[in-house]
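As the structure is a prediction and not an experimental result, all values here were calculated from the model. Quick note on labels: first sequence line is chain A, next is B, and so on, each numbered from 1.
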Amino acid sequence: MRAAALAALGAALVLSGCAALEPKPKPAPAVHVNEDPYPSTYARYPGAPTVIRHATVFSGDGQQINDGTVVFADGVIQAVGGPELASPAGAVEIDGTGKFVTPGIIDVHSHLGDYPSPGVTANSDGNEATDPVTPEVWAEHSVWPQDPGFSRALVNGGVTTLQILPGSANLFGGRSVVLKNVPGRTVQEMKFPGAPYGLKMACGENPKRVYGSKGNMPQTRMGNIALARETWVKARDYKRKWDEYYAKGGDMPERDLAMDTLKGVLEGKILIHNHCYRADEMANMIDMAKEFGYHVTAFHHAVEAYKIADLLAANNICAVMWADWYGFKMEAYDAVKENIPLVHNAGACAIVHSDDPNYIQRLNQEASKALADGIRAGIPNLSEAVAWQWLSANPAKALGILDRTGTLTAGKMADVVLWNGDPFSDYSRPERVWIDGAEMYDANNPKKRPVSDFELGQPGEGDVK
Amino acid sequence: MMLRLAAALLLAGAVPAAAETVAITGGTVALGDGSEPIPNGMVVIRDGRVVAAGNVRMKLPAGTQVIDATGKWVTPGIVAGFSRLGLADVNLSAEGADDTGNDGPFNAAIDIAPAINPLYQPVAVNRADGVTRAIVAPAAGKNIFAGQGAVIDTGADMEPITARRKFQFVELGETGSNKGGGSRASAHVLFRNALREASELRRYASPIEAARSGTPDQRERAVVRNPNESRLYGTSAQRSEDVLLTRFDAAALVPVLQGRQYLLVHAERASDILQVLDLAREFPSLKIVLVGATEGWLVADSIAHAKIPVIASAVNDLPASFEQIAATQSNVGRMRAAGVDVSIGMVNDNDTHNLFMERQYAGNLVGLQRIPGATGVSWGEALAMITSRPAQAIGMGGEIGSLARGARADVVIWSGDPLEGSSAAEQVFIDGVAQPLETHQTRLFERYRYLPRTDLPKAYRH
């Protein structure tokens, strides 16, 4: 062992001796690191060309079409319009009289799979609460594809796309993953092809409580900010090294998985999803983003967004909100029921989210409450069609996938829900749901709904019995 | 703010409707008894009580205050079937704002009433959304017995208690297992032992309260001032050597054992429910109400046969724990179809804050009627599940939760169908008293409705 080590040392000395005598060699060209080592293997399931006629259509971009027609085939929307639209040959015709068609709901804030049902310790994989700075962890590596919650979100909620985030114990909680709500054996089979990664950040009570209680930094809000800034300083330095390496080649800098994620943010490839309740803290985070040269895509749980809706609009930041949750902690104390419509009215991007395996089944009803509260408060230009933007187009924008889904637009993915009534009513439910044109749920066909492995053979069997 | 609050309290503390008759006319009236809504109905209240409601045609006395509710809906106020309303303003990291804990030495003897703060914001927020009464349970601390719960109103006054020590709450499912030593078997022995200790105390106890005068014999005889106040068992009450409960805790279970106080039992798993039904057979005097019962549909016939009412979670459809593996959103509908008296509670579901969710949940149960293979409930039944049924479950059916003649005049005028979350409470009466609907939230909305900078900071807008 010792002899071998000495021999190796000798060889190294010889090599370096030779190098000193010869002209300096050209640095080795840079080797690019694979930025997608766990790639999506999602492939859409087959679907028949389909035409839904005589339905009320919320196209998702604020428009409503009465007696509307939606045509999709080959996984994509072909046409959306009135009764005049022609059907493709051999299309399945669905009479949507009295029914509503919308884009599939997109939840930008879910922990399905990383806090699955049953919520036992063995399945608790949402918070790597061992260090306040863990941008190196990826939510997808915690996602249990067999979480029964996915199926409930699909069949009761009409949710076709969702972002799974790490928890909020940490200032930098880790990478998110965007999933198609199509059951898979692996998370790779669910990953939304080409969706950018997100990075979960958190301000406020959670990080300071989790680490402060252990006597570690951060223990205060100023500690939160200081530690986050120190981390961004390191990230900038890391990015500089890699930029230099990619420009000039030479010795590859040492890989740091945490810094890789932050570098992706600074390059604009990874979107910031920032858990932040209070208006003053959101303002601090906006300044932090400017200080280090990144952009906050969305503030999540933005209970006080209404106080700074103008600031959010000016900075092109989405606010991700509940309709009426309040008071469960101090930073949620100043909730108002008009938060979502007020943010919308200020010209900012308003989004309804769940953060909950039950609420995700009723996001349309949450939007309904917010819409009604807004109308009662006299906020102008609100309608059901307008409010549907909070459920699909704006979430798609926040996830960087609006060019592919989120509205019923020709050429986009056929992520479509047929509701058995007005989805802004508590009495309405999805009747059929298509993802990429494949029918994943049909209320009239017990075989057309998913049952997770976990529930197979159990009483109730995934609420299908 | 203080001035407004004071004004609100004065308003409520007064007895405005005392001699005045109020008639709410022209609205769609739902009685809360399971019947379907009545178009163009009327509700008449006087002296804090319902005089008449429904398809009423009566001569109104002179001076009647008439409220036109045309285009509105009128129902009894929502009764939160299981809650912790009034116990917390803020749940997390806010010292002094949460009284749901119990690390103390007592369990069954706990009386939740002293913890209720009617000025906490969740009381106002739920009042403003038409919740007028709530069944409030203590949370279990170290023992399977959580203590004695109350029924409260949400009125803007300092007298929230409608019924004190109305029931004992005990955990006999997974939580019971955790509190009771790590298994259901252990929890059940603890339960039986507690009843034994209560029974022994009853047998050996000297009077509940000794008479202060009369012959020595008379002084030994019980004078029951408040049938549910059993903490007064004297020190002379003999007990065995091998007791586990404190004297206070054992004494608190005497009225449970005697059937004078309801026993709310939390159990979710089908097998746990059957064990509770067994207890009901073994101790026939117990007045048991099941709480939770997520897997109740698997044993619905047995529950119905035992005539034990259930306060259930409305749309619990996830196998969130191993005691809820059979969870289905049809649970409530199936239990009801089997003949079980079901009402809706917020069982471990934002129970200090979001009681207003109950009407949305009830609406979802109605919607389930249209889902093939699912079991929902009718509109009238759904409303009853959040008004009269929870009241009936604890023996207060004639008093609260319905518009039956003589019931307390808890009345809500809604902008529309109350089972639609999009509808709002426009006027709320509790005991016939018109309630303020202003909250911290409504004030904040007014302050931040318009954001552009003005001559003074927002803090001056009030």
Discussion item. Quick check on the interface: out of A/D373, A/N123, A/V336, A/I375, who has the most heavy-atom pairs with chain B under 4.5 Å?
Written reply: A/V336
Item to complete: With a 4.5 angstrom heavy-atom cut-off, could you sort out which part of A/E455 is near chain B: side chain, backbone, both or neither?
Response: side chain
Item to complete: Side chain from CB out, backbone as N, CA, C, O: work out which of these in B/L419 comes under 4.5 Å of a heavy atom of chain A, or both, or neither.
Response: both
Worksheet item: Using 30° and 60° as the class limits, which term best fits the ring planes of A/Y277 and A/H301: parallel, tilted or perpendicular?
Response: tilted
Fill in: Heavy-atom pairs under 4.5 Å with chain B, option from A/R152, A/K337, A/Q458 with the top count
A/R152
Discussion item. Does any backbone or side-chain atom of B/N350 lie under 4.5 Å from a heavy atom of chain A? Answer side chain, backbone, both or neither.
Written reply: side chain
Response to the item:
Max heavy-atom pairs within cutoff under 4.5 Å with chain B, candidates A/N358, A/D334, A/V120, goes to A/D334
Fill in: chain A contact via B/R447 - which portion, at a heavy-atom distance below 4.5 Å
neither
Worksheet item: Looking at A/G460, A/S368, A/P459, A/G421, which has the largest count of heavy-atom pairs under 4.5 Å with chain B?
Response: A/P459
Discussion item. Would you say B/T154 and B/N126 are linked by a side-chain donor-acceptor pair, where the criterion is simply a distance under 3.5 Å?
Written reply: no
Worksheet item: Is there a donor-acceptor contact under 3.5 Å linking the side chains of B/S313 and B/D349?
Response: no
Response to the item:
Counting heavy-atom pairs under 4.5 Å with chain B, the top scorer among A/E205, A/E338, A/R209, A/E461 is A/E338
Worksheet entry | Steps toward side chain to side chain contact (heavy atoms under 4.5 Å, CB included) verdict (B/N348, B/R84) | CA-CA 9 Å; B/N348 297 334; B/R84 301 208 156 92; 3.6 Å; yes
Discussion item. Does any backbone or side-chain atom of B/S415 lie under 4.5 Å from a heavy atom of chain A? Answer side chain, backbone, both or neither.
Written reply: side chain
Discussion item. Looking only at heavy atoms and a cut-off of under 4.5 Å, which of B/Y361, B/F356, B/F445 has the most pairs with chain A?
Written reply: B/F445
Worksheet, complete the sentence: Applying a strict 4.5 Å limit to non-hydrogen atoms, the region of A/A309 in contact with chain B is both
Discussion item. Quick check on A/L371 against chain B: is it the side chain, the backbone, both or neither that has a heavy atom closer than 4.5 Å?
Written reply: neither
Worksheet item: Is A/F150 close to A/L154 at the side-chain level, that is, under 4.5 Å between some pair of heavy atoms?
Response: no
Worksheet item: What part of B/L365 gets closer than 4.5 Å to chain A, counting heavy atoms only: side chain, backbone, both or neither?
Response: neither
Item to complete: Sort A/E431 into side chain, backbone, both or neither according to what part of it lies under 4.5 angstrom from a heavy atom of chain B.
Response: neither
Fill in: For chain A, the option from B/S321, B/S422, B/A362, B/P452 that forms the most heavy-atom pairs under 4.5 Å
B/S422
Worksheet item: Which atoms of B/I325 come close to chain A, meaning under 4.5 Å heavy atom to heavy atom: side chain ones, backbone ones, both, or neither?
Response: both
Worksheet item: Can you list the steps and then say if B/I116 with B/V136 is a side chain to side chain contact (heavy atoms under 4.5 Å, CB included)?
Response: CA-CA 9 Å; B/I116 306 285; B/V136 182; 3.9 Å; yes
Practice prompt. Report the C-alpha distance between A/E281 and A/K208 in whole Å, list the side-chain angles of each, state the deciding distance to 0.1 Å, and finish with yes or no for salt bridge (Lys or Arg N to Asp or Glu O under 4.0 Å).
Written response: CA-CA 13 Å; A/E281 292 192 89; A/K208 82 181 194 97; over 6 Å; no
Worksheet item: Taking A/W325, A/Y333, A/F454 one by one, which has the highest count of heavy-atom pairs under 4.5 Å against chain B?
Response: A/Y333
Discussion item. If we define contacts as heavy-atom pairs under 4.5 Å, which of B/D417, B/D317, B/T328, B/L444 has the most with chain A?
Written reply: B/D317
Discussion item. When you compare the side chain of B/M385 with that of B/R336, does any pair of heavy atoms fall below 4.5 Å?
Written reply: yes
Worksheet, complete the sentence: Most heavy-atom pairs under 4.5 Å with chain A, out of B/H353, B/E295, B/Q441, B/Q324, belong to B/H353
Worksheet item: Is it the case that B/S378 and B/Q369 place a side-chain donor and acceptor less than 3.5 Å from each other?
Response: no
Worksheet item: Non-hydrogen atoms of chain B under 4.5 Å away: do they reach the side chain of A/A346, the backbone, both or neither?
Response: neither
Discussion item. Go through it in stages, so that I can follow the logic: the residues are A/R449 and A/D463, the test is salt bridge (Lys or Arg N to Asp or Glu O under 4.0 Å), and I'd like the CA-CA distance, side-chain angles, deciding distance and then a yes or no.
Written reply: CA-CA 10 Å; A/R449 57 177 296 167; A/D463 209 358; 5.2 Å; no
Item to complete: Determine yes or no for a side-chain-to-main-chain donor-acceptor pair under 3.5 angstrom, with B/E268 supplying the side chain and B/A293 the backbone.
Response: yes
Worksheet item: Which region of A/N339, side chain (C-beta onward) or backbone (N, CA, C, O), has a non-hydrogen atom less than 4.5 Å from a non-hydrogen atom of chain B, or is it both or neither?
Response: neither
Item to complete: Give a yes or no on whether the ring-centroid distance for A/W388 and A/F100 is below 6.0 angstrom.
Response: no
Fill in: Check: A/W322 ring centre within less than 6.0 Å of A/Y359 ring centre
no
